[in-house]
Amino acid sequence: MLVGAAVVVACLLAVAGCGGNASAGNGREDVVAGFYPPAFAAEQIGGRAVDVTNLTPAGSEPHDIELSVRDVEHVIDADLVLYLGDGFQPAVEDAAGDTHGKALDLLDGLDVRDGDPHVWLDPVRYARIVETIGKALGKEAAARALAARVRALDAEYRAGLADCERHELVTSHAAFGYLAERYGLEQIAATGLSPEAEPGPRDVERVVDLARAHGATTIFVEPLVSPDLAETIAREAGARTAVLDPLEGLTEDELATGDDYFSVMRANLAAIRGALGCR
């Protein structure tokens with residue numbers, strides 16, 4: 001049965017005491033990450049020296065995940081816990097406060113927008129997160145190599161979005177503020193930062209009017225969220241829909257075919273270029 005982290009931490013602490021961490025059996029560092037982007041970075045940096053667990057199951061939306069008793073116990077016993085604070089994953093944040101290892105809030109030290117945790121969609125900020133994880137793992141050289149690839153991705157975005165007919169990203173969920181800000185775009189979203197929010201009729205009408213005013217040809221939908229809202233806006237605005245992935249988690253099929261942070265971000269770039277008429 002799934003339970004909130006705060007309910008089970010006290011009893012787990014009582015039985016766990018100050019026991020050894022989970023890496024003792026195989027010599028590898030045990031890393032627990034709240035969701036995909038930090039898990040991917042830790043895997044790439046640590047290689048065979050780490051065991052990385054992603055607490056958000058493949059194909060699941062990470063914002064409000066619940067943790068099982070075993071999940072919380074794993075967080076408590078981990079060598080390193082990687083999470084985003086500011087209420088992005090409250091259950092993970094609560095459990096991370098009781099870990100016997102090191103807990104790292106990856107928003108610390110970053111220039112962040114109020115209430116917006118989606119920093120990994122800005123390659124410049126994500127490169128800094130990569131370096132922070134590398135320092136925590138004692139793998140600075142590997143982190144620098146990965147960060148260089150992320151900064152090269154930033155260069156691809158700058159070049160790919162340098163000459164576009166339009167500059168408005170019309171989305172159902174306001175997850176793309178950092179990306180828009182980095183590349184001189186404007187995000188027009190029907191709902192706020194929570195993908196579960198239900199917009200009212202006036203919200204939908206506002207986005208439809210803005211989409212028409214800006215000549216938007218594309219309304220973006222996310223792969224882990226119902227497409228109904230985006231399809232409604234597209235129908236009313238005379239536009240089409242296309243996928244723009246906030247990279248909060250990959251599906252089992254994506255993982256099986258070898259997709260990762262870089263391939264999804266490049267697919268996003270292609271989708272944006274098509275939507276905005278970039279040359």
Side-chain angles (χ1 to χ4, degrees), residues 1-108 117-120 126 129-130 132-139 142-143 146 224 246-252 254-256 259-261:
M1 185 175 84
L2 294 178
V3 293
V7 177
V8 298
V9 165
C11 63
L12 285 171
L13 287 172
V15 298
C18 297
N21 58 46
S23 67
N26 58 26
R28 294 193 290 268
E29 190 159 4
D30 186 42
V31 180
V32 176
F35 69 121
Y36 176 76
F40 173 73
E43 289 170 347
Q44 294 295 302
I45 295 166
R48 293 187 176 184
V50 297
D51 281 330
V52 180
T53 299
N54 180 355
L55 292 172
T56 301
S60 299
E61 214 288 324
H63 284 256
D64 297 311
I65 65 164
E66 297 285 350
L67 301 182
S68 68
V69 172
R70 181 170 292 181
D71 289 334
V72 177
E73 186 174 22
H74 194 170
V75 171
I76 290 172
D77 287 340
D79 295 299
L80 178 64
V81 182
L82 304 172
Y83 71 99
L84 264 66
D86 204 20
F88 177 63
Q89 291 183 300
V92 178
E93 193 170 352
D94 286 348
D98 293 292
T99 183
H100 299 321
K102 180 176 182 179
L104 195 58
D105 181 353
L106 297 172
L107 293 182
D108 284 349
H118 299 86
V119 289
W120 61 90
Y126 187 59
I129 288 172
V130 165
T132 297
I133 293 172
K135 184 176 181 181
L137 290 173
K139 298 281 186 179
L146 180 59
L224 300 182
L247 254 168
E248 294 174 347
L250 271 59
T251 65
E252 292 282 7
E254 287 174 320
L255 293 170
D259 279 325
D260 63 11
Y261 176 85

Task: Over all atoms of both residues, closest heavy-atom pair of Val130 and Ile45 - done: O-CD1, 3.4 Å
Task: Interatomic spacing from OG in Ser60 to CG in Leu55 - rounded to 0.5 Å - done: 11.5 Å
Open item on the list: Looking at Asp105 and Gly85, would you say the former's side chain and the latter's main chain have a donor-acceptor pair under 3.5 Å?
Closed with: yes
Open item on the list: In this structure, is the centre-to-centre distance between the rings of Tyr261 and Tyr126 below 6.0 Å?
Closed with: yes
TODO: Test Tyr36 against Asp260 for side chain to side chain contact (heavy atoms under 4.5 Å, CB included), laying out the working first.
DONE: CA-CA 9 Å; Tyr36 176 76; Asp260 63 11; 3.5 Å; yes
Task: Min side-chain heavy-atom separation Pro38-Leu106 under 4.5 Å - done: yes
Open item on the list: To the nearest 0.5 Å, what is the distance between CD on Glu43 and CD1 on Ile133?
Closed with: 10.5 Å
Task: Smallest separation among heavy atoms of Thr99 and Ala78, with atom names - done: OG1-O, 3.6 Å
Open item on the list: Restricting to non-hydrogen atoms, name the atom on Val52 and the atom on Ala42 that form the minimum distance, rounded to 0.1 Å.
Closed with: CG2-CB, 4.0 Å
Task: Residue pair Val72 / Asp98, side-chain heavy-atom distance below 4.5 Å - done: no
Open item on the list: In the structure I gave you, are the side-chain heavy atoms of His100 and Ile76 within less than 4.5 Å of one another anywhere?
Closed with: yes
- [ ] Locate the shortest heavy-atom distance separating Val92 from Gly34; write the atom from each residue and the value.
- [x] CG1-CA, 4.2 Å
- [ ] Look up atom CG in Leu84 and atom NE2 in His63, then write down how far apart they are to the nearest 0.5 Å.
- [x] 10.5 Å
- [ ] Answer yes or no: is there a side-chain heavy-atom contact under 4.5 Å between Val81 and Leu104?
- [x] no
Task: Thr251 side-chain N/O to Glu254 backbone N/O, donor-acceptor pair under 3.5 Å - done: yes
TODO: Classify the side-chain pair Gln89/Thr56 by whether it contains a donor and acceptor separated by less than 3.5 Å.
DONE: yes
Task: Heavy-atom side-chain contact between Asp51 and Glu29 under 4.5 Å - done: no
- [ ] Before giving the answer on side chain to side chain contact (heavy atoms under 4.5 Å, CB included), spell out for Val50 and Arg28 the whole-Å C-alpha distance, their side-chain angles and the decisive distance to 0.1 Å.
- [x] CA-CA 5 Å; Val50 297; Arg28 294 193 290 268; 5.7 Å; no
Open item on the list: To the closest 0.5 Å, what do you measure between CG (Asp108) and OG1 (Thr132)?
Closed with: 9.0 Å
TODO: Answer whether the closest heavy-atom distance between the side chains of Leu82 and Val32 falls below 4.5 Å.
DONE: no
TODO: Might you point out which heavy atoms bring Gly87 and Glu93 nearest each other, and give the distance in Å?
DONE: N-OE1, 3.3 Å
- [ ] Return yes if a side-chain donor-acceptor contact under 3.5 Å exists between His74 and Asp30, otherwise no.
- [x] yes
Open item on the list: Centroid separation under 6.0 Å, is that true for the rings of Phe35 and Trp120?
Closed with: yes
Task: Residue pair Val31 / Thr53, side-chain heavy-atom distance below 4.5 Å - done: no
